[in-house]
Novice: 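Would you mind keeping the following structure in view while I ask a few things?
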2 protein chains.
Amino acid sequence: MDRKQEILEAATRSFSLFGYKATTMEQIAKIANVGKGTIYTFFENKEVLFQEIVRGMICEMKQEATNVIQEGVSFQENAHAALMKMLEFRETHQLYAKIVDEEKDWRTPAVKQMLHQTEQAIVTFIKEKIDKCVAKGELRQVNSELVAYLLFKAYLAFINDWNVTHDESLSEVEIANFFQETIFRSLLV
Amino acid sequence: MDRKQEILEAATRSFSLFGYKATTMEQIAKIANVGKGTIYTFFENKEVLFQEIVRGMICEMKQEATNVIQEGVSFQENAHAALMKMLEFRETHQLYAKIVDEEKDWRTPAVKQMLHQTEQAIVTFIKEKIDKCVAKGELRQVNSELVAYLLFKAYLAFINDWNVTHDESLSEVEIANFFQETIFRSLLV
DNA sequence: AGATGACCGAATTGGTTTTCTGGTCATTTC
DNA sequence: GAAATGACCAGAAAACCAATTCGGTCATCT
């Protein structure tokens, strides 16, 4: 089988299971059944290998988000579904969850960077949906970059941070209703 | 002069200058010109002393925020001014800034707790303004707790986090306009 | 020519010793 | 004799250092 693919899969498994820092190149080599040096014929170094894998993860995430988008449904419903899906992915997907933890606990620079990139991907995904809906005339003309950023940060705050300072967490319906009557309401023409 | 006051002032200076962890009780005693044991006749322990000081800081912050509130001006203008003032306070006030740094760098539990308390104070401040404006009929009936939380998190995101991932920071006017046409717009009756 | 793993210097870890610090309390002070 | 004090203690943190680990290279092997 394709040696590069073997290495990618081995690395994915190891990064997902142990995180970036705790994964060693030798371990990846062992899982992939190749010599350590072989890895370096396909990937410049550990960080580049990691970036490649995160790139793949981002694609996966975007795919899942795309899958919940429906034609002929309001922007709000689609944006809500997509954001919820991606934030669920953030907690569910082994690698993404590991990266989030690692950034909190160790602040590995490579991990921080990949986390930023992933968040940027989410924001960009939403931005594109906004642009499309603005073009269709469903939304008024807004700075889609800023709105996408606001939506991401707001959802993240209510889904991730709310529980830190409050006892009963908010249900998805409560969140959906709240954003409907605040941010989304303000975007309509 | 009042010994308790001397101690409070010495502790405030030391916490502001070196942070919670790096401030020792002996150092406070030395600055206050009292024996170390004397501190413990007024304050149960280091953490309680710290809490007392943060309580004072929160009052100071609320006072500054209150000072920018004007009667007969729209909710949006007042909320914006108050939030900006408090977030400026967060970066400018020696002690608050030190606490924020320390929480990032060392995660001292006592510091984390006080940071939460301070943020909660900001949210509550805004919540009360919302409630007042709802009562006056200037805003429609909303869940003021959620709206206050959203406003705080959103302002924090655009003022603190935006620059981390973007090159040119947003001007205050841009931020004000953006929130006017999104969140604030949705709160009007 | 492509794969490999022994090898290297730098970084990390783990264990040990030393120093520091929050808090107490017997003694001193006024 | 009530309030203040600083020597003192135990546990936590820091400093230190030896031993190990790891990313990356390259001479050798297939």
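Predicted model, so just to flag it, every value in this text is computed and none were measured. Every chain is numbered from 1 and lettered A, B, ... according to where its sequence line falls, protein lines coming before strand lines.
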Novice: For nucleotides 13-16 of chain D, list the nitrogen or oxygen atoms of the protein found under 3.5 Å from its nitrogen or oxygen atoms, one pair per line.
Specialist:
residue: D/dA14; atom: OP1; partner: B/K21; partner atom: NZ; Å: 3.1

Novice: Could you tell me which residues satisfy ring-ring contact (aromatic ring centres under 6.0 Å, His included) with B/H166, sequence neighbours excluded, listed by chain and number?
Specialist: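 Partners of B/H166 by the ring-ring contact (aromatic ring centres under 6.0 Å, His included) criterion, ordered by chain and then number, come out as A/Y149, B/W162.
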Novice: Got a sec, which residues hit salt bridge (charged side-chain N to carboxylate O under 4.0 Å, His left out) with A/E119, two or more places apart in sequence or on another chain?
Specialist: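 If we apply the salt bridge (charged side-chain N to carboxylate O under 4.0 Å, His left out) test to A/E119, skipping adjacent residues, the hits are A/R90.
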Novice: Roughly, in whole Å, what's the span from CD1 in B/I28 to C1' in D/dA4?
Specialist: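 These atoms are roughly 17 Å apart.
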Novice: Could you tell me the separation between the NZ atom of A/K46 and the P atom of D/dT25, rounded to a whole number of Å?
Specialist: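 Taking atom P of D/dT25 as the reference, NZ of A/K46 is at 15 Å.
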Novice: Other than B/F18, which residues form its hydrophobic cluster under the rule that side-chain heavy atoms must be closer than 4.5 Å?
Specialist: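 Under the 4.5 Å side-chain rule, B/F18 groups with B/L17.
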Novice: Atom CD of B/E26 to atom P of C/dG22: distance rounded to whole Å?
Specialist: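 Rounded to the whole Å, the gap is 9 Å.
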Novice: Please name all residues satisfying side-chain contact (heavy atoms from CB on, under 4.5 Å) with B/V173, sequence neighbours left out, ordered by chain then number.
Specialist: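 So B/V173 forms a side-chain contact (heavy atoms from CB on, under 4.5 Å) with B/S171, B/N177.
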Novice: Under the side-chain contact (heavy atoms from CB on, under 4.5 Å) test, which residues partner A/E77, sequence neighbours left out?
Specialist: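 Per chain and number, A/E77 pairs via side-chain contact (heavy atoms from CB on, under 4.5 Å) with A/V73, A/S74.
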Novice: Listed by chain and number, what are the ring-ring contact (aromatic ring centres under 6.0 Å, His included) partners of A/F125, not counting sequence neighbours?
Specialist: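 So A/F125 forms no ring-ring contact (aromatic ring centres under 6.0 Å, His included) with any residue.
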Novice: Sequence neighbours excluded, which residues qualify as side-chain contact (heavy atoms from CB on, under 4.5 Å) partners of B/K85?
Specialist: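 By the side-chain contact (heavy atoms from CB on, under 4.5 Å) rule, B/K85 matches B/E64, B/V68, B/E88.
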Novice: For each nucleotide in nucleotides 1-6 of chain C, reading 5' to 3', give B when a protein heavy atom comes within less than 4.0 Å of its base, S when such contact involves only the sugar-phosphate, and - otherwise.
Specialist: --SBB-
Novice: Stepwise, does the side-chain hydrogen bond (donor to acceptor under 3.5 Å, both in side chains) test hold for A/K127 with A/S144?
Specialist: CA-CA 5 Å; A/K127 173 180 161 16; A/S144 56; 3.2 Å; yes
